[in-house]
**Student:** 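Pasting a structure below so you can have a look.
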Amino acid sequence: MALRIGVPRETAAGEKRVATVPDVVEKLIKLGFSVAVESGAGDAANFGDDTYRAAGAEIVPGAAELWAGSDIVFKVRAPSPEEVGLMREGGMLVSFIWPAQNPELMQQLAAKRATVLAIDSLPRQLSRAQKMDALTSMAGISGYRAVIEAANAFGRFFNGQITAAGKIPPAKVFVAGAGVAGLAAIGTAANLGAIVRANDTRAEVADQVVSLGGEFVKVDYEEEGSGGGGYAKVMSEGFQQAQREMYAKQAKEADIIITTALIPGKPAPKLITAEMVKTMKPGSVIVDMAGEQGGNCELTVPGQAVVQHGVTIIGYTDLVSRLAKQSSTLYSTNLLRVTEELCKTKDGVVNVNMEDDAIRGLTVIKEGSITWPPPPPKLPAVAPQAKPAAAPAAAAKGHGHGGGEPMSAQPLAIVFGVGAVLFLLVGLYAPASFLSHFTVFVLACFVGYMVVWNVTPSLHTPLMSVTNAISSIIAIGALVQVAPPLTGAEADRPSQLILGLAVFALALTAINMFGGFAVTRRMLAMFRK
């Protein structure tokens, strides 16, 4: 029997998102489910009841009726105790839960013999889990919105300008933490024309910062900061002291500071002290994206924007809800992907497969039994190297061309010897006209090989499409056959067979030529904004 998915109105203060949008309702119905939406659930995100009806959903007037009549409930925020009380015995809930921070909620849901999938517990290190990763979707939106809020409070242009009224310097933005939210903030601020600097405890994100138009500011202290799952770990006291000194310097120079640092299950680390705020220029702005977990700035007031020492400190906890339509669309798509994994048979019945690493990580309660925390996911084993002892030497010799192991001396000598014999035979027995063409052919092969060998692998497809187009020079041969000879002698005219083949070759060459350039244009367009 097909199950019913219920989507209630969010009751948390300031929450404007909705767990499912009309476009996704249609796809859930195609999976075999029926969908019920509480009246007004999507109003704050600009999704009216009529749009849900048009998509095939049933509109339920009240929360009690919706919770009691739904086999599966999709939510954004973790349910309140009142909502847990309305939940059907043995039902399923898919939502943000934060099990480490909400042990009482976990016990209440377990008492209902519920099956609970916490979207925040998805094992993000699994590549196939990316389509279900709502944390990343929401973090990207919050990073973008943080820059918009900063621009609103800043009161000046982000980009530098030279006008008749004078020169306007670009804003200087410093982003503390270059995770998904931080990278979104970096890209947005750079696109607005600001000078962007960023720091993160994970050194591997430096290239990502630069690729988005920012400058990575390194802490003068060597320590690895990756904590797994896309988060940072708690750093040593020595590193934190060096980090504070760097932040103090950036605070004096920056017009806008955006902080994003969070550590799972712990209060947000204090990165910006009150003393640093005092050194900032009047009119500067701090956007503290970690406000819900206490904030990265000592003076942050969660949920509010305050002015301290002439600096506006924004501690909004609803940045994602301030783009409710966009965030609801992305979040509902993430839940759709989870549902597809649960219902691979497309018959409206779910299967919580605890052998599946992604589903096992999401499932924090199974039929009333608390299954959180999950065991570490079984990542694919790394294939053992054939010759570990010789790896350093091989890397030293072959690092220049993608790490390929160079040919040893004996096979190389054999290849050159065979090549020399072939060249000798061609030189002794081939006619002179053939020898000149053969020499050009060999040189062209060598030059072409060397050119392609030194091209970045990501550009091979546009390179080969251009090569295909250029190779259409063979059209000249066909044109020679088709065009009438200058002498006009009947004997010099090509036969009907040759003429037909030449016309056919011209047609194929034209397709190759125009197709090659068309593919190149589309490939290169992927690298442009």
Side-chain angles (χ1 to χ4, degrees), residues 1-89 91-97 109 112 114 116-117 119 132 134 137-138 141-142 145 317-340 342-343 346-350:
M1 179 179 177
L3 300 180
R4 188 191 203 199
I5 296 175
V7 182
R9 180 203 292 259
E10 295 296 322
T11 58
E15 183 56 72
K16 299 178 181 179
R17 289 173 291 175
V18 61
T20 297
V21 301
D23 286 345
V24 171
V25 167
E26 296 177 354
K27 296 172 183 175
L28 290 172
I29 293 173
K30 288 180 180 178
L31 287 176
F33 299 95
S34 62
V35 181
V37 179
E38 183 182 351
S39 180
D43 287 350
N46 294 317
F47 297 109
D49 289 350
D50 290 342
T51 61
Y52 284 104
R53 285 195 188 95
E58 176 190 353
I59 302 300
V60 178
E65 182 181 346
L66 181 121
W67 281 89
S70 300
D71 302 292
I72 306 170
V73 174
F74 284 179
K75 267 186 61 57
V76 179
R77 295 269 184 170
S80 64
E82 293 77 14
E83 289 174 317
V84 175
L86 297 175
M87 188 175 182
R88 171 186 288 189
E89 193 85 9
M92 177 181 287
L93 173 66
V94 185
S95 172
F96 280 103
I97 298 295
L109 290 168
K112 280 279 187 177
V116 180
L117 273 65
I119 200 70
M132 302 179 272
S137 300
M138 299 301 102
I141 292 175
S142 61
R145 185 68 192 196
T317 57
D318 61 345
L319 288 172
V320 180
S321 277
R322 289 170 181 254
L323 284 170
K325 188 165 189 174
Q326 181 68 78
S327 54
S328 297
T329 301
L330 293 181
Y331 180 70
S332 61
T333 301
N334 293 138
L335 294 193
L336 171 65
R337 302 309 174 205
V338 172
T339 310
E340 288 174 342
L342 293 171
C343 181
K346 299 183 180 181
D347 57 357
V349 179
V350 298

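Positions are given from 1, in the same order as the sequence printed here. All values below were derived from every heavy atom in this structure, side-chain atoms included, with hydrogens, water molecules and symmetry-related copies excluded. A quick note: this is a predicted structure, and the numbers were derived from the prediction, not measured.
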**Student:** So do Val84 and Leu93 actually touch side chain to side chain, heavy atoms under 4.5 Å?
**Tutor:** no

**Student:** Could you list the residues that satisfy ring-ring contact (aromatic ring centres under 6.0 Å, His included) with Phe47, not counting sequence neighbours?
**Tutor:** none

**Student:** Working to the nearest 0.5 angstrom, can you tell me the gap between Leu31 CG and Leu3 CG?
**Tutor:** 12.0 Å

**Student:** Is any side-chain heavy atom of Ile141 less than 4.5 Å from a side-chain heavy atom of Gln326?
**Tutor:** yes

**Student:** Nearest 0.5 angstrom please: Leu336 CG to Lys30 NZ, how far?
**Tutor:** 11.0 Å

**Student:** Could you tell me the separation between the CD1 atom of Ile119 and the CE atom of Met138, rounded to the nearest 0.5 Å?
**Tutor:** 10.0 Å

**Student:** How would you list, by chain and number, every residue that makes a side chain to side chain donor-acceptor pair (under 3.5 Å) with Asp23, sequence neighbours excluded?
**Tutor:** none

**Student:** Please round to the nearest 0.5 Å and tell me the distance separating atom CD1 of Ile5 and atom OG of Ser34.
**Tutor:** 7.5 Å

**Student:** Val349 and Cys343: which non-hydrogen atoms are nearest, and at how many Å?
**Tutor:** O-SG, 3.4 Å

**Student:** With a 4.5 Å cut-off on side-chain heavy atoms, are Arg53 and Asp50 touching?
**Tutor:** yes

**Student:** Which residues pass the ring-ring contact (aromatic ring centres under 6.0 Å, His included) test with Phe33, not counting sequence neighbours?
**Tutor:** none

**Student:** So, using side chain to side chain donor-acceptor pair (under 3.5 Å) as the criterion, who are the partners of Ser39 when residues are at least two apart?
**Tutor:** Asp49

**Student:** If you take all heavy atoms of Ser142 and Val320, which pair is closest and at what distance?
**Tutor:** CB-CG2, 3.7 Å

**Student:** OG1 of Thr339 to CG of Asn334: how many Å apart, nearest 0.5 Å?
**Tutor:** 10.5 Å

**Student:** What residues form a side chain to side chain donor-acceptor pair (under 3.5 Å) with Ser95, not counting sequence neighbours?
**Tutor:** none

**Student:** Sequence neighbours excluded, which residues qualify as side chain to side chain donor-acceptor pair (under 3.5 Å) partners of Glu26?
**Tutor:** none

**Student:** Looking at every heavy atom in both Tyr331 and Val18, which two are closest together, and how far apart are they?
**Tutor:** CD2-O, 4.5 Å

**Student:** Tell me the salt bridge (Lys or Arg N to Asp or Glu O under 4.0 Å) pairs involving residues 7-18, sequence neighbours left out?
**Tutor:** Glu10-Lys75, Glu15-Arg17, Glu15-Arg77

**Student:** Pairs under 3.5 angstrom only: tabulate donor-acceptor contacts from the side chains of residues 58-72 to other protein residues two or more places apart or in another chain.
**Tutor:**
from  : atom 1 : to    : atom 2 : distance (Å)
Glu58 : OE1    : Arg4  : NH2    : 2.7
Glu58 : OE2    : Arg4  : NH2    : 3.2
Ser70 : OG     : Leu66 : O      : 2.6
Asp71 : OD1    : Arg88 : NH1    : 2.5
Asp71 : OD2    : Arg4  : N      : 2.8

**Student:** Short question: side chain of Lys346, backbone of Gly32 - any donor-acceptor pair under 3.5 Å?
**Tutor:** no

**Student:** On a heavy-atom basis, which atom in Val21 and which in Ser332 lie closest, and how many Å separate them?
**Tutor:** CG2-OG, 3.3 Å

**Student:** Among residues at least two apart in sequence or on other chains, which ones pass side-chain contact (heavy atoms from CB on, under 4.5 Å) with Glu82?
**Tutor:** Ser80

**Student:** Could I get the full list of side-chain contact (heavy atoms from CB on, under 4.5 Å) partners for Asn46, not counting sequence neighbours?
**Tutor:** Lys325

**Student:** Hey, does Pro79 have a side-chain heavy atom less than 4.5 Å from the side chain of Ile97?
**Tutor:** yes

**Student:** Check Ala324 against Ser327 and note the closest heavy-atom contact, atom names and distance.
**Tutor:** O-OG, 3.2 Å

**Student:** Search all heavy atoms of Leu28 against all heavy atoms of Thr20 and return the closest pair with its distance.
**Tutor:** CD1-CG2, 4.1 Å

